[in-house]
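Chain naming here is simple, since letters A, B, ... match the order of the sequence lines and numbering starts at 1 in each.
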Protein chains: 2
Amino acid sequence: MMTIGEAAAASGVSAKMIRHYEAIGLIRPQRAANGYRAYAEADVAVLRFIRHARDLGFPLETVRRLLALWRDRNRSSAEVKRLALDHVAALEAKAASLRAMAASLRHLAEHCHGDERPDCPILDELEGLERVERA
Amino acid sequence: MMTIGEAAAASGVSAKMIRHYEAIGLIRPQRAANGYRAYAEADVAVLRFIRHARDLGFPLETVRRLLALWRDRNRSSAEVKRLALDHVAALEAKAASLRAMAASLRHLAEHCHGDERPDCPILDELEGLERVERA
DNA sequence: CTTGACCTTCCCGCCATGGGAACCCCCATC
DNA sequence: GATGGGGGTTCCCATGGCGGGAAGGTCAAG
């Protein structure tokens, strides 16, 4: 049994977040006589699981479902796969959206002199003049 | 002079957000005798500017600087361009991070049967078994 | 004069995380 | 046995960018 600090060091999850995960019901450590949270190896494994899932960008609500599936020996891998692929789609949609922003902004910036003069197609676009160079 | 609802309709920014932008000092509408906010065309132009900048993913603090540059007739386009290109870099970094997550998760999912059986490399990875198929 | 559509301010929620205050606990050292 | 420091505990606040909603004021049309 370890303290929260030890569990944090062992799992790579900050003590702050470990308490948070407990508050939202992802983990339920025991309590020592002095009131300190007491973590077993299995708890640390859960924390590592959570961290890995977070590293892949899963929202905590999905992490909760993944944890449930992980613990369920009768799970179907199809269900896990569905959660994963849904998340892949969400990630790719978000990435595509960001790349689209980057591309149009980069395009605008390419047409900006970038010198001491005030003329700037970027500001023109933001103002809503619907871009000069499109004409 | 228009009310906040009219300004919202004209600018495409919700009344809620218009008040928020005012609270953080991006816009300063006048007040009518009855206490209602009163927006001129110039205010609506500011709101549209904000919306366009937000559509390109600029954080509000950067929008604030862009607005200042927009209003400054002696601005240098170089400064605008720098803000823009910094933001492009941030967007691309974020997009790359998301795509990396999507790619590794997709890879894991490809090796998941996705049937009624419980075996699942996705869960194995999350557990931290460091992926079987890498061997 | 009521109704309803608008306006006002203020508070709370999301998501995931960090910072910090105020207090308790335990161990080592003097 | 006192003290100090490095834990732990709870609780509140902040981030960013928005939404929901309550409680109340205002105005125009019926």
Shortest non-hydrogen contact between L105(B) and I122(B), atoms and distance: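 Taking L105(B) first and I122(B) second, the nearest heavy atoms are CD1-CG2, 4.3 Å.
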OH-CD1 distance between Y21(A) and I18(A), expressed to the nearest 0.5 angstrom: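 Those atoms lie 9.0 Å apart.
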If you define the side chain from C-beta out and look only at heavy atoms, does anything of [X] sit under 4.5 Å from [Y]?
X	Y	value
Y39(B)	E6(B)	no
I50(B)	R54(B)	yes
L69(A)	L83(A)	yes

Verdict with reasoning, L123(B) to F49(A), per side chain to side chain contact (heavy atoms under 4.5 Å, CB included): CA-CA 9 Å; L123(B) 292 179; F49(A) 183 100; 3.9 Å; yes
Tell me: [atom1] of [X] to [atom2] of [N], nearest whole Å?
X	N	atom1	atom2	result
Y39(A)	dT9(D)	OH	C1'	11 Å
R64(A)	dC15(C)	CZ	P	10 Å
M2(A)	dC26(C)	CE	P	20 Å
L26(A)	dA16(C)	CG	C1'	12 Å
I4(A)	dC26(C)	CD1	C1'	17 Å
E22(A)	dC11(D)	CD	P	12 Å

Position toward the 5' end of DNA chain C (nearest nucleotide), A15(B) or I24(A):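 Mapping each residue to its closest nucleotide by heavy atoms, the 5'-most match is A15(B).
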Short N-O contact, D115(B) and R117(B), less than 4.0 angstrom: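 So D115(B) pairs with R117(B) through a salt bridge.
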Ionic contact status for E22(B) with R19(B), cut-off 4.0 Å: no
Degree of bending, the helix from dC1(C)-dG30(D) to dC30(C)-dG1(D) (end axes from five pairs; round to 10°): 40°
Check this one for me: any side-chain N or O of [X] less than 4.0 Å away from OP1 or OP2 of [N]?
X	N	value
R37(A)	dT10(D)	yes
R51(A)	dA16(C)	no
T3(A)	dG7(D)	no
N34(B)	dC7(C)	no

Y36(A) side chain, from C-beta outward: closest of dG8(D), dT9(C), dT26(D): dG8(D)
All N/O contacts under 3.5 Å from nucleotides 16-20 of chain D to the protein, with atom names and distances to one decimal?
from    : atom 1 : to     : atom 2 : distance (Å)
dG17(D) : OP1    : L60(B) : N      : 3.4
dG17(D) : OP2    : L60(B) : N      : 3.3
dG17(D) : O3'    : R54(B) : NH2    : 3.1
dC18(D) : OP2    : Y21(B) : OH     : 2.7
dC18(D) : OP2    : R54(B) : NE     : 3.4
dG19(D) : OP2    : S14(B) : OG     : 3.2
dG20(D) : N7     : K16(B) : NZ     : 3.0
dG20(D) : O6     : K16(B) : NZ     : 2.8

Sugar-phosphate only, base, or nothing, as touched by R19(B) at under 4.0 Å among non-hydrogen atoms: base
Q30(B) CD: over 12 foreign heavy atoms closer than 6.0 Å: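 At most 12 heavy atoms, drawn from other residues, nucleotides or ligands, come within 6.0 Å of this atom.
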